[in-house]
Structure formats: structure tokens, C-alpha cells
Amino acid sequence: MMKRIALITGASSGLGREFATTLANKTYTQVDEIWLIARRKQRLGAIAKKYNTIKFKVIPIDLTSVSQMEQFVALLERENPKIQILVNSAGYGKTGAFTNIEIEDYKKMIDLNIRALTLVTYACIPFMCKGGKVIQLASSAGFIPQPNFAVYSATKSYVIQFSRALNCELMPMGISVLAVCPGPVRTEFLKIANPEGLPKSLKYNFIADPKKVVKKALRDAFANKDISVYGTGIKLLHVIGKIMPHRILTSMVNQLSKS
């Protein structure tokens, strides 16, 4: 029989790690193995050692490396697993004025948030069948253009549009694709994106618990939804982003980021 797996990128920290620990208890799906993908092997190993209820495969690769991505594709072809859940959680972001951030940071954002996510999805779909779930980590930052977060929000807008379109394409195959769009989440991503800390207006009104974000995302995935938005404030932003001119919203976000 084909080995049934859940495959998680960016599994060493943040929401990726939370997906790994949540799926390890087998509440949401019955899989034989969870594949953990990230650059930091030691962190992946620590997750694998923590649980004895399920088998883990630790795959320490850099998804922005062409050669290592080729190794990942070769691994899929060699093991021929049945992928029941794919979680693309690997991502990177930096806040600040566009010209104040190093170009290498922008290259990393685009390579990881767009290129790697697209290539991993493309590689995994042939190994999925009816009932398969693709969960793409987008962001509420993708709802509208965001000054001082311009490139990151643009990459997440790509993830949202790509995921919703792909969901429609794959529906006849019984595979669903979900774009997860949280606001700020209490993970180390916030410290990397903005070492100076979040503006008070965001920190106290919108920051979310990663466990709750992941549980809602899994519920929405198994309900075959195409988008998952956690929190009243972020849901309101999602609605407002559909009805208000983006020029006005962009100006408001710019002022909010300075408060």
C-alpha cells in the first residue's frame, strides 16, 4: 500500500511547527508519516522526538536552492507517497520603507513566498488523490497593498489568488486548496519581520494565538473552503478590502503603521 503522509514546509517554527504538532495527534487525519521540511535540522529533530504516536521524516533542505529542490522532487518520485495533506508554511518577511531594506531580503521573500511555494505545490499534486488537502499560508497582508510591507504583502496577494484559482482547477479531482490569511500571529516571525516590535494598535487589537489559527485552518480545509480568515478584526478587514477603494485603505494602513 502507498504510504499516506502529511507534508509540511517551514516546519521548524511558527505556524508550520504548530501544524506539525497538531497533526501529530491524528485528530484531523489518519496518516502513516509526517514529513517535516525546513533548513534547521536540529529543530525538526526535536519535533520528531517529542511524539511517539506517529512516524516523522526529517527533511532538512533549503527550498530556495535549485539543487535541493531537485533532491526533494527526486525523493517524492523515489518514495511515491500518497500525500493527504500538504501545508506550505515556509515564508519570510521584513517590514520597513522599501528602499531601507536590503535587496537580498526581497530576493529571499520572493523566492520563498512565491517561487518555492509554487514549485512545492506543483511537485506534490501528482502524488495527491481524491480527498487531498493543500493548505497555503498566505496572510491578511495580501488583502490590500501595505506601505512599509510592500513586497511581503504583494507575495501574499499572489498566494491568495494562486490558491483560490487552483482550488477551482483541482475541484473535479476532489482536491481542495485553502489560503490561510491570519493577521499578526504570536510567533517568532514577528520578531524577524519587525525587530522593533509591532505598533501598539496592532499588538493589542489583532495579534492571534497560533494554536487557534491552525485549528481553524484545519477545520476550514476539511470543510473544503478556499480561504480561512481568523479573528473578528481580520474578517472585518477582509470585507472592507472588497468594498472600499484600495487607495483610501492604503493611506489608512500607512497611518496605522505609524501609530
Side-chain angles (χ1 to χ4, degrees), residues 3-29 31-79 81 83-94 102 104-105 107-117 119-121 123-124 127 135-137 139 152 155 180 182 184-195 197 208-215 217-218:
K3 180 166 51 180
R4 302 166 301 173
I5 72 165
L7 191 154
I8 305 167
T9 72
S12 63
S13 64
L15 289 175
R17 180 185 177 91
E18 195 61 48
F19 270 104
T21 57
T22 301
L23 289 174
N25 64 30
K26 296 191 176 185
T27 300
Y28 295 92
T29 186
V31 296
D32 302 309
E33 196 167 277
I34 297 177
W35 288 16
L36 304 177
I37 297 177
R39 291 179 296 115
R40 294 174 286 192
K41 182 178 180 179
Q42 188 173 359
R43 285 197 177 192
L44 297 180
I47 297 171
K49 291 178 182 178
K50 189 176 180 180
Y51 298 91
N52 56 15
T53 55
I54 193 166
K55 185 178 179 181
F56 287 91
K57 179 184 285 294
V58 170
I59 307 172
I61 60 173
D62 180 355
L63 295 174
T64 64
S65 164
V66 174
S67 61
Q68 291 186 46
M69 178 63 77
E70 290 173 349
Q71 292 172 19
F72 167 67
V73 173
L75 175 66
L76 285 174
E77 293 173 347
R78 185 167 62 250
E79 299 225 357
I83 302 175
Q84 292 194 325
I85 299 179
L86 165 63
V87 180
N88 266 313
S89 184
Y92 177 72
K94 294 280 282 188
E102 297 293 331
E104 292 304 317
D105 285 315
K107 289 178 181 178
K108 185 176 180 180
M109 273 185 241
I110 294 167
D111 276 353
L112 192 56
N113 299 358
I114 294 179
R115 182 177 169 275
L117 176 140
L119 293 180
V120 169
T121 303
C124 289
F127 297 91
I135 300 174
Q136 313 277 42
L137 267 294
S139 169
Y152 179 81
T155 65
V180 182
V185 182
R186 194 176 291 107
T187 68
E188 63 186 66
F189 173 87
L190 293 181
K191 295 180 181 179
I192 296 172
N194 188 356
D209 181 341
K211 293 182 183 296
K212 293 180 180 179
V213 172
V214 166
K215 286 180 179 179
L218 288 169

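One is the number of the first residue; the rest follow in order along the sequence. None of the values given here were measured: they were computed from a predicted structure.
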Do we see a donor-acceptor contact under 3.5 Å between the side chains of [X] and [Y]?
X: Q136; Y: N88; result: yes
X: R40; Y: S12; result: yes
X: Y92; Y: D105; result: yes

Measuring only between side-chain heavy atoms, which start at C-beta, is [X] closer than 4.5 Å to [Y]?
X: V120; Y: M69; value: yes
X: E79; Y: W35; value: yes
X: D32; Y: I54; value: no
X: I34; Y: F19; value: no
X: L218; Y: T22; value: yes

Atom pair [atom1] ([X]) and [atom2] ([Y]), whose distance is rounded to the nearest 0.5 Å:
X: L119; Y: T64; atom1: CG; atom2: OG1; answer: 11.0 Å
X: I59; Y: I37; atom1: CD1; atom2: CD1; answer: 4.5 Å
X: F127; Y: K3; atom1: CZ; atom2: NZ; answer: 12.0 Å
X: Q68; Y: L63; atom1: CD; atom2: CG; answer: 8.5 Å
X: I135; Y: L86; atom1: CD1; atom2: CG; answer: 8.5 Å
X: L75; Y: Q71; atom1: CG; atom2: CD; answer: 9.5 Å

Check whether [X] reaches the backbone of [Y] with its side chain - one donor and one acceptor, N or O, closer than 3.5 Å.
X: N113; Y: I110; value: no
X: T9; Y: S89; value: yes
X: T21; Y: E18; value: yes

Notebook entry, point to check: Does the pair E33/R4 count as a salt bridge with the N-to-O cut at 4.0 Å?
Noted result: no
Checklist line | Step-by-step salt bridge (Lys or Arg N to Asp or Glu O under 4.0 Å) determination, K94 to E102 | finding: CA-CA 10 Å; K94 294 280 282 188; E102 297 293 331; over 6 Å; no
Item checked: Exceeds 12 heavy-atom contacts within 6.0 angstrom, atom CZ of R115 -> yes
Note to self: Taking side-chain contact (heavy atoms from CB on, under 4.5 Å) as the criterion, tell me which of V214, L137, L15 meets it with V185.
What the structure shows: L15
